[in-house]
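Working notes for the structure below.
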Amino acid sequence: MSSEDLWQIVKSGRSERLDWLSENAPLDTMATILTAMANSHGGTLVLGIIGPAATVVGVRDSGNAIDRVIQAALSVEPPLIIPMPRVTPLKDKQVILVHIPPGMPHLYALDGRYLSRQGIDNIALKPRE
């Protein structure tokens with residue numbers, strides 16, 4: 001995916017399959033989004049973008065940011081095994097793309113909660129679901 005393609009997707013806004021955070025977002029916030037996407041239809045989390053206006057701030061330490069994503073994914077039960085996050089240029093900055101493939105093999109929980117994505121919200125699944 002080119003930088004311009006990525007920017008077009010980001011400009012369309014947060015959605016069920018796209019969200020973003022700063023590189024220093026709390027691990028539990030990252031894990032919540034990853035869990036909800038894994039239990040839904042997959043998606044992409046971009047680190048290095050902030051705010052509702054999608055301000056690209058980039059990441060300063062890509063190695064540390066990737067380590068934090070992996071730590072968040074492994075905090076999920078069962079551990080969320082995902083493709084390696086990758087550094088990608090966006091608006092003359094570096095961002096981290098975290099891809100959650102659709103059709104993950106398990107139902108994932110975070111702190112005993114099973115989450116799903118509805119629009120831009122991460123919601124708890126009802127027992128029936």
Side-chain angles (χ1 to χ4, degrees):
M1 173 183 317
S2 75
S3 180
E4 187 56 37
D5 292 340
L6 177 57
W7 180 239
Q8 291 305 316
I9 293 168
V10 168
K11 279 191 347 188
S12 67
R14 287 182 159 123
S15 68
E16 188 169 270
R17 294 185 183 191
L18 177 70
D19 211 339
W20 53 74
L21 296 169
S22 74
E23 73 177 297
N24 297 317
L27 288 178
D28 63 328
T29 301
M30 254 188 258
T32 297
I33 293 169
L34 297 176
T35 302
M37 285 182 173
N39 287 336
S40 299
H41 306 288
T44 301
L45 174 62
V46 184
L47 295 184
I49 298 177
I50 59 171
T55 304
V56 180
V57 294
V59 294
R60 285 175 267 126
D61 184 348
S62 59
N64 183 58
I66 289 171
D67 287 347
R68 294 182 79 244
V69 169
I70 293 169
Q71 187 177 357
L74 294 177
S75 71
V76 175
E77 186 61 42
L80 186 56
I81 307 303
I82 58 174
M84 188 67 169
R86 64 182 203 268
V87 180
T88 304
L90 179 63
K91 294 289 197 180
D92 299 325
K93 308 243 185 210
Q94 298 292 315
V95 297
I96 306 291
L97 291 183
V98 184
H99 179 68
I100 306 298
M104 295 296 287
H106 301 286
L107 185 58
Y108 298 93
L110 180 65
D111 299 326
R113 297 172 301 141
Y114 295 89
L115 303 166
S116 180
R117 265 318 253 188
Q118 261 188 359
I120 63 170
D121 297 319
N122 304 306
I123 59 163
L125 287 171
K126 294 178 173 71
R128 260 189 182 166
E129 296 171 322

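Position 1 is the first residue of the sequence, and the numbers go up from there. Scope of the values below: all heavy atoms of this structure, side chains included, with no hydrogens, waters or symmetry mates.
Looking only at distances, no side-chain donor or acceptor of Arg86 sits under 3.5 Å from a matching main-chain atom of His99.
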Which donor-acceptor pairs under 3.5 Å do the side chains of residues 42-61 make with protein atoms, sequence neighbours left out?
unit_1	atom_1	unit_2	atom_2	d
Asp61	OD1	Gly63	N	3.4
Asp61	OD1	Asn64	N	3.1

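A continuous path of Ile, Leu, Val, Met, Phe, Trp and Tyr side chains, each step under 4.5 Å between heavy atoms, connects Leu80 with Leu74, placing both in one hydrophobic cluster. Both Val76 and Leu21 are assigned to one and the same hydrophobic cluster, defined by single-linkage of ILVMFWY side chains at heavy-atom distances under 4.5 Å.
Listed by chain and number, the residues in a side-chain contact (heavy atoms from CB on, under 4.5 Å) with Glu77 amount to none (sequence neighbours excluded). Every residue meeting the ring-ring contact (aromatic ring centres under 6.0 Å, His included) condition with His106, not counting sequence neighbours, appears here in chain and number order: Tyr108. Considering only residues two or more places apart in sequence or on other chains, Pro102 meets the side-chain contact (heavy atoms from CB on, under 4.5 Å) condition with none of them. Taking the side chain to side chain donor-acceptor pair (under 3.5 Å) definition, one finds that Asn39 meets it with nothing, sequence neighbours left out. With sequence neighbours left out, the side chain to side chain donor-acceptor pair (under 3.5 Å) criterion links Ser116 to Ser40.
Rounding to the nearest 0.5 Å gives a distance of 10.5 Å between CG of Asn122 and CD of Glu16. Going from atom CZ of Arg117 over to atom CD1 of Ile123 covers 10.5 Å, rounded to the nearest 0.5 Å. Put simply, OG1 on Thr32 and CG on Asp111 are 7.5 Å apart, with the number rounded to the nearest 0.5 Å. Taking CZ of Arg17 as the reference point, atom NE2 of His41 lies at 6.0 Å (rounded to 0.5 Å). Here CG of Leu115 is found 11.0 Å from CG of Leu34. Values are rounded to the nearest 0.5 Å. To the nearest 0.5 Å, atoms NZ (Lys11) and CD1 (Ile9) are separated by 12.0 Å.
Contact annotation: the side chain of Val98 never approaches that of Ile33 to less than 4.5 Å [non-hydrogen atoms, C-beta and beyond].
Between Ile82 and Ala73, the closest heavy-atom pair is CD1-CB, 4.3 Å.
Heavy atoms from other residues, nucleotides or ligands lying under 6.0 Å from CG of Asp5 number more than 12.
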Take Val87 and Val95 through the test side chain to side chain contact (heavy atoms under 4.5 Å, CB included) and record every step on the way to the result.
-> CA-CA 6 Å; Val87 180; Val95 297; over 6 Å; no

Before giving the answer on side chain to side chain contact (heavy atoms under 4.5 Å, CB included), spell out for Arg113 and Thr35 the whole-Å C-alpha distance, their side-chain angles and the decisive distance to 0.1 Å.
-> CA-CA 9 Å; Arg113 297 172 301 141; Thr35 302; over 6 Å; no

